[in-house]
Amino acid sequence: MSSSNGAKENSHNKARTSPYPGSKVQRSQVPNEKVGWFVEWQDYNPVEYTAVSVLAGPRWADPQISESNFFPKFNEKDGHVERKSQNGLYEIENGRPRNPAGRTGLIGRGLLGRWGPNHAADPIITRWKRDRSGNKITHPVSGKNILQFVAIKRKDCGEWAIPGGMVDPGEKISTTLKREFGEEALNSLQKSSAEKRELEEQLHKLFSQEHLVIYKGYVDDPRNTDNAWMETEAVNYHDETGEIMDNLTLEAGDDAGKVKWVDISDQLQLYASHSQFIKLVAEKRDAHWSENSDAECRGL
């Protein structure tokens, strides 16, 4: 990820798309060459928008900056709310945090609850694709084993994604990862007490083993604004033998419309930056990604 002055090429596209999710609001257009804050742009006139659902003051949202009893401690842990960015210090201008990746054409918070970074966690659960005899399946062109991950279809936009969600105030990332996977991919919220105990036992096996932190930091997300943005920690938990996940039945719940195992390849079209995270998992696990050998070498 780039410094707080500008955005790496192609790292800041979804954060400039219109209309803003869940609305008819059109962002002010920001050309590629004017994304970075270091580029002077006196005529920059972003649209202001914060969703009604955020202004209603739910427990997961900050008050408006203008409220007299609101004194956020930006760039630090503010009570139970983590206002530090995983990309280092961000700047504050006129009392508002400034998006470290650059201009988005929109000020305010949009659908995001927090001013500044809004922290999420994305559990990437993987297994090897196997035939009926239990042998790993290799791709006929690349010759590499095919990896699968658990994907959900988001109810809000209909796109396939990694199951994940927001870190609750004071919650450990590891807790968020397990909770979100249970809620979205296993429908844990609708289970009986006995079923929940059984689920918890299996999830503990999966989430207590060695894992890979795939990515930490800013996410190019369509909900981002100049003053509020998504950050995530994407973590890969790999079920090498497949035995743990064999004991868990995938069932969509909470924000997920559907859930299924998906073969990993460069043909995937996923929400936000999720395709990049999945590619990193394939590289780390030395699994199949592309039929084009050049693409295997180029990296992100």
Side-chain angles (χ1 to χ4, degrees), residues 59-60 77 80-82 86 118-130 134 136 145-155 160-217 219 230-264 270-271 274 277-278 280-287:
R59 62 178 184 82
W60 47 266
K77 187 80 179 272
H80 286 303
V81 179
E82 183 57 85
Q86 291 173 321
N118 289 255
H119 294 284
D122 292 315
I124 305 169
I125 310 302
T126 54
R127 70 179 185 188
W128 297 111
K129 187 175 188 178
R130 296 175 186 272
K136 292 179 188 174
N145 293 332
I146 297 173
L147 201 59
Q148 296 181 312
F149 82 105
V150 175
I152 59 145
K153 192 170 190 179
R154 292 175 64 110
K155 282 182 183 172
W160 286 92
I162 298 162
M166 307 308 292
V167 181
D168 287 342
E171 187 176 48
K172 285 184 177 176
I173 292 276
S174 56
T175 305
T176 311
L177 289 161
K178 187 158 69 168
R179 175 176 57 76
E180 286 292 340
F181 184 72
E183 288 175 7
E184 295 198 336
L186 304 170
N187 199 19
S188 62
L189 295 174
Q190 302 300 318
K191 302 293 184 191
S192 68
S193 298
E195 287 172 326
K196 277 181 181 168
R197 277 196 298 275
E198 174 64 26
L199 258 189
E200 184 57 40
E201 202 175 298
Q202 296 299 330
L203 283 175
H204 180 72
K205 281 184 198 170
L206 183 64
F207 283 84
S208 59
Q209 59 185 355
E210 262 188 79
H211 56 269
L212 291 173
V213 177
I214 298 299
Y215 179 82
K216 275 170 135 171
V219 181
M230 290 296 302
E231 296 191 8
T232 199
E233 188 163 325
V235 183
N236 175 218
Y237 294 87
H238 180 61
D239 185 8
E240 178 63 31
T241 63
E243 288 172 13
I244 299 172
M245 289 307 297
D246 278 351
N247 291 320
L248 289 168
T249 304
L250 296 182
E251 183 184 338
D254 198 27
D255 300 328
K258 293 180 182 177
V259 60
K260 66 178 181 179
W261 285 101
V262 172
D263 292 0
I264 290 177
L270 300 175
Y271 178 78
H274 291 190
F277 302 158
I278 294 298
L280 287 170
V281 171
E283 288 174 353
K284 299 256 188 196
R285 300 282 177 197
D286 195 28

Engineer: Could you tell me the separation between the CG atom of L248 and the OG atom of S188, rounded to the nearest 0.5 Å?
Structural biologist: 11.0 Å
Engineer: Checking R127 against W261: charged group under 6.0 Å from the ring centre and within 45 degrees of the axis?
Structural biologist: yes
Engineer: Closer than 4.0 angstrom, basic N to acidic O: yes or no for E231 and K216?
Structural biologist: no
Engineer: Take E233 and Y215, measure what side chain to side chain contact (heavy atoms under 4.5 Å, CB included) needs, and give me the verdict at the end.
Structural biologist: CA-CA 6 Å; E233 188 163 325; Y215 179 82; over 6 Å; no
Engineer: Would you mind reporting whether M166 and W60 have side-chain heavy atoms less than 4.5 Å apart?
Structural biologist: no
Engineer: May I ask you to test the I152-Y271 pair for a side-chain heavy-atom distance under 4.5 Å?
Structural biologist: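 No, side chains not in contact.
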Engineer: Of H204, E200, K205, which meets side chain to side chain contact (heavy atoms under 4.5 Å, CB included) against Q202?
Structural biologist: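 When H204, E200, K205 are each tested with Q202, the side chain to side chain contact (heavy atoms under 4.5 Å, CB included) holds only for K205.
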Engineer: How far does CG of L189 sit from CZ of R179, to the nearest 0.5 angstrom?
Structural biologist: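 Those atoms lie 9.0 Å apart.
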Engineer: Roughly how far apart are T232 OG1 and I173 CD1, rounded to 0.5 Å?
Structural biologist: 7.5 Å
Engineer: Has the side chain of Q209 got a donor or acceptor atom that lies under 3.5 Å from a matching backbone atom of H238?
Structural biologist: yes
Engineer: Is a side-chain N or O of E171 found less than 3.5 angstrom from the main chain of D168, in a donor-acceptor match?
Structural biologist: yes
Engineer: Measure the spacing between OG1 of T175 and NZ of K178 and express it to the nearest 0.5 Å.
Structural biologist: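 Taking OG1 in T175 and NZ in K178, the distance rounds to 7.0 Å.
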Engineer: Kindly give the heavy-atom pair with the smallest separation between G164 and D122, and that separation in Å.
Structural biologist: CA-OD1, 3.7 Å
Engineer: Return yes if some donor-acceptor pair links the side-chain N/O of H274 with the main-chain N/O of I162 below 3.5 Å, else return no.
Structural biologist: yes
Engineer: Is the closest side-chain heavy-atom distance between L203 and L186 below 4.5 Å?
Structural biologist: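 Counting from C-beta outward, L203 and L186 do come under 4.5 Å.
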Engineer: I124 and A234: which non-hydrogen atoms are nearest, and at how many Å?
Structural biologist: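 Between these two residues, the closest heavy atoms are CD1-CB, 4.1 Å.
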Engineer: Hey, are the side chains of V259 and K153 touching, using non-hydrogen atoms and a 4.5 Å cut-off?
Structural biologist: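 The answer is no; the side chains never approach within 4.5 Å.
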Engineer: Verify the neighbour count for atom NZ of K77: are there more than 12 heavy atoms of other residues, nucleotides or ligands below 6.0 Å?
Structural biologist: yes
Engineer: Less than 4.5 Å apart, any side-chain heavy atom of I264 and any of I146?
Structural biologist: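 No, too far: nothing below the 4.5 Å cut-off.
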Engineer: Given side chain to side chain contact (heavy atoms under 4.5 Å, CB included), test V281 with L147 step by step and report yes or no.
Structural biologist: CA-CA 9 Å; V281 171; L147 201 59; 3.8 Å; yes
Engineer: Tell me, with the steps shown, if L250 and M245 meet side chain to side chain contact (heavy atoms under 4.5 Å, CB included).
Structural biologist: CA-CA 9 Å; L250 296 182; M245 289 307 297; 4.1 Å; yes
Engineer: Closest heavy-atom contact between A151 and W160?
Structural biologist: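 Nearest pair, atom of A151 first, then W160: O-CZ3, 3.6 Å.
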Engineer: For G217 and Q86, work out which heavy atoms get closest and say how close.
Structural biologist: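 Looking at all heavy atoms of both residues, the shortest contact is N-OE1, 3.1 Å.
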Engineer: Let me confirm one number: the CD-CG distance from E195 to N187, rounded to the nearest 0.5 Å.
Structural biologist: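 Here the rounded value is 9.5 Å.
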Engineer: Quick check for you: to the nearest 0.5 Å, what is the distance between D239 atom CG and T241 atom OG1?
Structural biologist: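 One finds 5.0 Å between CG of D239 and OG1 of T241.
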Engineer: Apply salt bridge (charged side-chain N to carboxylate O under 4.0 Å, His left out) to K258 and E251, showing your working.
Structural biologist: CA-CA 8 Å; K258 293 180 182 177; E251 183 184 338; over 6 Å; no
Engineer: Would you say the side chain of L270 lies within less than 4.5 Å of the side chain of I278, judging by non-hydrogen atoms?
Structural biologist: yes
Engineer: Check this for me: does any side-chain nitrogen of one of K191 and E183 sit under 4.0 Å from a carboxylate oxygen of the other?
Structural biologist: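 No, this pair does not count.
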Engineer: Starting from the C-alpha separation in whole Å, work towards a yes-or-no answer on side chain to side chain donor-acceptor pair (under 3.5 Å) for R285 and N236.
Structural biologist: CA-CA 10 Å; R285 300 282 177 197; N236 175 218; 2.8 Å; yes
Engineer: Just by modelled atom types, is the F149 backbone N or O under 3.5 Å from a matching donor or acceptor in the T126 side chain?
Structural biologist: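 Here the side-chain-to-backbone pair does not exist.
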Engineer: Would E201 and L199 count as a side chain to side chain contact (heavy atoms under 4.5 Å, CB included) if you check the C-alpha gap in whole Å, the side-chain angles of each, and the deciding distance to 0.1 Å?
Structural biologist: CA-CA 5 Å; E201 202 175 298; L199 258 189; over 6 Å; no
Engineer: For Y237 and L206, which heavy atoms make the closest approach, and how far apart are they?
Structural biologist: CD2-O, 3.6 Å
